[in-house]
Amino acid sequence: MSEKTLIFLKPAAVERGLVGEIISRFERKGLKIKALKMMQMSRETAEEFYSIHRGKPFFEELIETITGRDIVAAVLEGREAIKVVRTLVGATDPVKAAPGTIRGDFGLDITDNLIHASDSQESFEREVKILFPELF
Ligand code: CMP
């Protein structure tokens with residue numbers, strides 16, 4: 001069944017010029033881009049987006065990394081898109097991410113780990129409203 005998911009390319013991916021490389025992997029897989037934009041997250045938006053991680057040791061560094069720098073957010077659609085995109089992205093820690101995945105191929109930093117992808121339908125529905133309020 002066709003479903004949608006949300007990704008955003010973190011500041012390291014944008015600053016290193018990896019936007020085209022990463023987005024093209026999703027297109028080559030057959031996912032359709034339904035929305036795409038460059039933006040910056042305010043501290044307020046970032047804290048809301050990552051509210052489930054509030055209180056964790058990496059929370060403050062994560063918020064500081066993500067805010068005030070360009071990111072590229074997208075909504076992707078395709079068959080089992082949430083699972084497919086998470087597989088293409090790879091494990092959260094780039095040290096553990098398999099070669100061939102985005103984090104496995106391009107990254108090493110666990111905080112600025114190149115890309116975020118929704119991990120469930122519930123997460124997608126919450127996250128898309130935060131990054132794409134204009135769609136609602
Ligand atoms: P993301 O998939 O966007 O979800 C939470 C983010 O927190 C994660 O990617 C990383 O950017 C960041 N993070 C930093 N350290 C950790 C950690 N030890 N475990 C999980 N996430 C971490």
Side-chain angles (χ1 to χ4, degrees):
M1 199 188 86
S2 188
E3 68 183 8
K4 292 195 184 93
T5 191
L6 175 135
I7 59 136
F8 76 83
L9 305 188
K10 296 184 180 181
V14 177
E15 289 162 16
R16 287 172 54 197
L18 293 172
V19 174
E21 165 70 42
I22 294 172
I23 297 290
S24 72
R25 287 182 175 218
F26 297 125
E27 288 193 298
R28 284 192 324 230
K29 180 68 179 171
L31 294 150
K32 294 278 176 250
I33 299 171
K34 303 301 285 185
L36 179 68
K37 68 177 176 185
M38 179 171 277
M39 60 177 285
Q40 293 192 356
M41 270 200 235
S42 64
R43 170 166 278 269
E44 189 187 9
T45 303
E47 287 190 356
E48 186 188 359
F49 191 92
Y50 280 121
S51 56
I52 49 163
H53 295 299
R54 190 184 291 278
K56 293 189 184 162
F58 57 83
F59 184 72
E60 191 54 34
E61 190 190 345
L62 173 62
I63 299 303
E64 276 171 22
T65 299
I66 240 69
T67 54
R69 296 158 74 191
D70 289 340
I71 64 166
V72 171
V75 176
L76 304 174
E77 185 178 62
R79 185 167 159 251
E80 299 210 40
I82 295 169
K83 191 197 293 179
V84 167
V85 167
R86 296 276 295 182
T87 302
L88 292 174
V89 165
T92 301
D93 185 349
V95 166
K96 297 179 188 136
T101 65
I102 292 164
R103 288 172 177 156
D105 285 351
F106 300 115
L108 209 48
D109 193 307
I110 189 171
T111 301
D112 213 347
N113 57 359
L114 300 174
I115 180 166
H116 169 86
S118 302
D119 65 5
S120 65
Q121 182 67 32
E122 298 72 48
S123 296
F124 165 69
E125 284 168 18
R126 193 182 69 81
E127 292 170 0
V128 73
K129 287 184 188 119
I130 297 171
L131 295 193
F132 288 94
E134 67 272 23
L135 298 181
F136 297 87

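For clarity, every value in this text was computed on a predicted model and none was experimentally measured. One-based numbering, in listed order, for ligands and for the atoms of each. When reading the values below, keep in mind they use all heavy atoms of this one structure, side chains included, and skip hydrogens, waters and symmetry mates.
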Distance from [atom] to nearest protein heavy atom, with residue and atom:
atom: atom 13 (N) of ligand 1; value: Phe58 CD1, 3.5 Å
atom: atom 3 (O) of ligand 1; value: Tyr50 OH, 2.6 Å
atom: atom 10 (C) of ligand 1; value: Ile110 O, 3.2 Å

Heavy-atom contact check, 4.0 Å cutoff: does Lys10 meet ligand 1? yes

Indicate, as side chain, backbone, both or neither, the part of [X] found under 4.0 angstrom from ligand 1 when only non-hydrogen atoms are considered.
X: Arg103; value: side chain
X: Leu62; value: side chain
X: His53; value: side chain

Could you check whether [X] pairs with [Y] (Lys NZ or Arg NE/NH1/NH2 to Asp/Glu carboxylate O, under 4.0 Å)?
X: Glu60; Y: Arg43; answer: yes
X: Arg25; Y: Asp105; answer: yes
X: Arg16; Y: Asp112; answer: no

Kindly write out the residues that satisfy ring pair (Phe, Tyr, Trp, His ring centres under 6.0 Å) with Phe49, not counting sequence neighbours, or none if the list is empty.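 In terms of ring pair (Phe, Tyr, Trp, His ring centres under 6.0 Å), with neighbours along the sequence ignored, Phe49 is linked to Phe8, His116.
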
Proximal atoms of ligand 1 relative to Thr111 (non-hydrogen, under 4.0 Å):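 By the 4.0 Å cutoff, the relevant atoms are 10 (C), 11 (O), 14 (C).
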
If you draw a 6.0 Å radius around NZ in Lys37, do more than 12 non-hydrogen atoms from other residues or ligands fall strictly inside?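 Yes - once you tally the heavy atoms of other residues, nucleotides and ligands closer than 6.0 Å, there are more than 12.
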
Atom CD of Glu61: over 12 foreign heavy atoms under 6.0 Å: no

Do Lys4 and Phe124 meet the cation-pi criteria used here (NZ or CZ under 6.0 Å from the six-membered ring centre, within 45° of the axis)?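 Judged by the rule (NZ or CZ under 6.0 Å from the ring centre, within 45° of its axis), Lys4 is not positioned above Phe124.
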
Are any of the N/O atoms in Asn113 less than 3.5 Å from those in ligand 1?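 Between Asn113 and ligand 1 (N or O atoms, distance only) the closest approach is under 3.5 Å.
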
